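Below is one structure, written out as structure tokens, with a few remarks after it.
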Number of protein chains: 2
Amino acid sequence: MASQMTEMLKGTLEGIVLAILEARPAYGYEITAQLRDEGFADLAEGTVYALLVRIEQRGFVDVTKVPSEKGPPRKVYTLNAAGRAQLDEFWATWAFLAGRIEHLRAARTDSTTSTTGTDSGSTHRTTDSTEGDD
Amino acid sequence: MASQMTEMLKGTLEGIVLAILEARPAYGYEITAQLRDEGFADLAEGTVYALLVRIEQRGFVDVTKVPSEKGPPRKVYTLNAAGRAQLDEFWATWAFLAGRIEHLRAARTDSTTSTTGTDSGSTHRTTDSTEGDD
DNA sequence: ACCGGTACCTAGCGTTACGTTGTACCGGTA
DNA sequence: TACCGGTACAACGTAACGCTAGGTACCGGT
């Protein structure tokens, strides 16, 4: 169905995972569990693994195989220098986008207060008086 | 290019346009110009038109054709009740996601300062007990 | 012997933004 | 007149991303 969340996660999920890895190295299953725990309940396991493969191939993380007594060995991902640079870029992009969107929300709150037709100056004023409804 | 921005806009651009339309009805070319003016300089014209077609087909907007003395008639989009509901959903999703991400940023700033355990954080405890090598 | 939890991986699908191209109308310039 | 650029819309294929839906492998408890 492509819920709002699904589409909004595109582009941000990578940054979220990088941020998690910045705090401390982790493996896929752990990251998935943590995200689910933090509210992303519907997040699919496969999504995280695919993302990890991507950021590994782009060289944002270093990988270490650690044997576990339960199941197959864990692939522990550690953020490296390139990853930190990417994370910085993510924060910059996020800051810009969040700023624009918060600006929109602020403008909306502003417009709800006034009942008086205060507007006369729109930036674009092509002023079509041609009311010819076809 | 698929810069950070491109992927991050997926899912958010629709909400942005709906928010713009909430302020006042507008037509495609105008919306594109406004977005470019507000910092989204690289935004493609075709992107906005495709998005408008989408939200029209989903019934979030009402459309009125208004002839202009320059070029073809404008398709003026007006947010309707369904659109406002969708916009509300957008704000809710955005608030949640922004909250999570800001939380990540805060945690990151926090961890750089000291080693004092701010909280147990993860309710999850999958943490490595693998100390005792297999 | 079976089920469930741990831990990993893959293939195909739907949605989205981008790049490009085309149409149509108008005013200004050569 | 003929051309160019700005206004305004639309359609096509492509790339990227997250989701669905599977699969493999190991282990302990019922």
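To find a chain, count down the sequence lines: A is the first, B the second, and so on, and within it residues start at 1. Quantities reported herein were computed from a predicted structural model and do not represent experimental measurements.
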Checklist entry - Any salt bridge between Arg74(A) and Glu30(A), counting N to O under 4.0 Å? => result no

Item to check | Spacing between Leu35(B) atom CG and dA17(C) atom C1', to the nearest angstrom | outcome: 13 Å

Next on the checklist: Considering every strand and a 4.0 Å limit on heavy-atom distances, what is the contact class for Gly46(B): base, sugar-phosphate, or nothing?
Outcome noted: base

Checklist entry - dC9(D) phosphate, OP1 or OP2: any side-chain N/O from Tyr49(B) under 4.0 angstrom? => result yes

Checklist outcome for this item: Arg54(B) has its side chain closest, among dA16(D), dC8(C), dA17(C), to dA17(C)

Item to check | Spacing of Leu51(A) atom CG relative to dC9(C) atom P, expressed in whole Å | outcome: 13 Å

Checklist outcome for this item: Of Ala44(B) and Pro73(A), the one whose closest nucleotide on DNA chain C sits nearer the 5' end is Pro73(A)

Checklist entry - Of the nucleotides dT16(C), dA7(C), dA8(D), which one has an atom closest to the side chain of Arg74(B)? => result dA8(D)

Next on the checklist: Is the ring pair Trp94(A)/Trp94(B) parallel, tilted or perpendicular, if the boundaries are 30 and 60 degrees?
Outcome noted: parallel

Checklist entry - What integer distance in Å separates Glu14(A):CD from dA16(D):P? => result 12 Å

Item to check | Per Leu9(B) side chain, nearest of listed nucleotides dT20(D), dC18(C), dA24(C) | outcome: dC18(C)

Checklist entry - Picking from dT16(C), dC8(C), dC19(D), which would you name as closest to the side chain of Thr6(A)? => result dC19(D)

Next on the checklist: Can you tell me whether the side chain of Lys10(B) and the base of dT15(C) have a donor-acceptor pair closer than 3.5 Å?
Outcome noted: no

Checklist outcome for this item: note: Gln4(B), atom CD; dA17(C), atom C1'; distance rounded to Å ~ 15 Å

Checklist entry - Leu43(A) has an atom CG; how far is it from atom P of dG18(D), in whole Å? => result 9 Å

Checklist entry - Rounding to a whole Å, what distance do you find between Glu45(A):CD and dC19(D):P? => result 12 Å

Item to check | dT30(D) pairs with, by Watson-Crick or G-U criteria that keep both distances under 3.5 Å | outcome: dA1(C)

Checklist entry - So does Tyr27(B) get a side-chain nitrogen or oxygen closer than 4.0 Å to the phosphate oxygens (OP1/OP2) of dC9(D)? => result no

Checklist outcome for this item: To the nearest angstrom, the OH-C1' distance between Tyr29(B) and dG6(D) comes to 6 Å

Checklist entry - Taking it one step at a time, do Trp91(A) and Gln4(B) satisfy side chain to side chain donor-acceptor pair (under 3.5 Å)? => result CA-CA 10 Å; Trp91(A) 283 128; Gln4(B) 298 276 8; over 6 Å; no

Checklist outcome for this item: Quick note, Lys75(B) side chain, CB onward, closest among dT10(C), dG18(D), dA10(D) is dA10(D)

Checklist entry - Just how far, in rounded Å, is C1' of dT7(D) from CD1 of Ile31(B)? => result 15 Å

Next on the checklist: Quick check: on DNA chain D, is the nucleotide nearest Val53(B) upstream (toward 5') of the one nearest Glu7(A), or the reverse? Name the residue that is more 5'.
Outcome noted: Val53(B)

Checklist outcome for this item: Under a 3.5 Å limit on both distances, the Watson-Crick or wobble mate of dG27(C) is dC4(D)

Item to check | Test applied, side chain to side chain contact (heavy atoms under 4.5 Å, CB included); reference residue, Leu21(A); option that passes from Asn80(A), Val76(A), Ile31(A) | outcome: Ile31(A)

Next on the checklist: What's Thr47(A) touching, base or sugar-phosphate or nothing? Going by heavy atoms closer than 4.0 Å.
Outcome noted: base

Checklist entry - Which one, dA17(C), dT16(C), dA7(C), comes nearest to the side chain of Arg58(B)? => result dT16(C)

Checklist entry - When you match Gly71(A) and Thr12(B) each to their closest nucleotide on DNA chain C, which lands nearer the 5' end? => result Gly71(A)

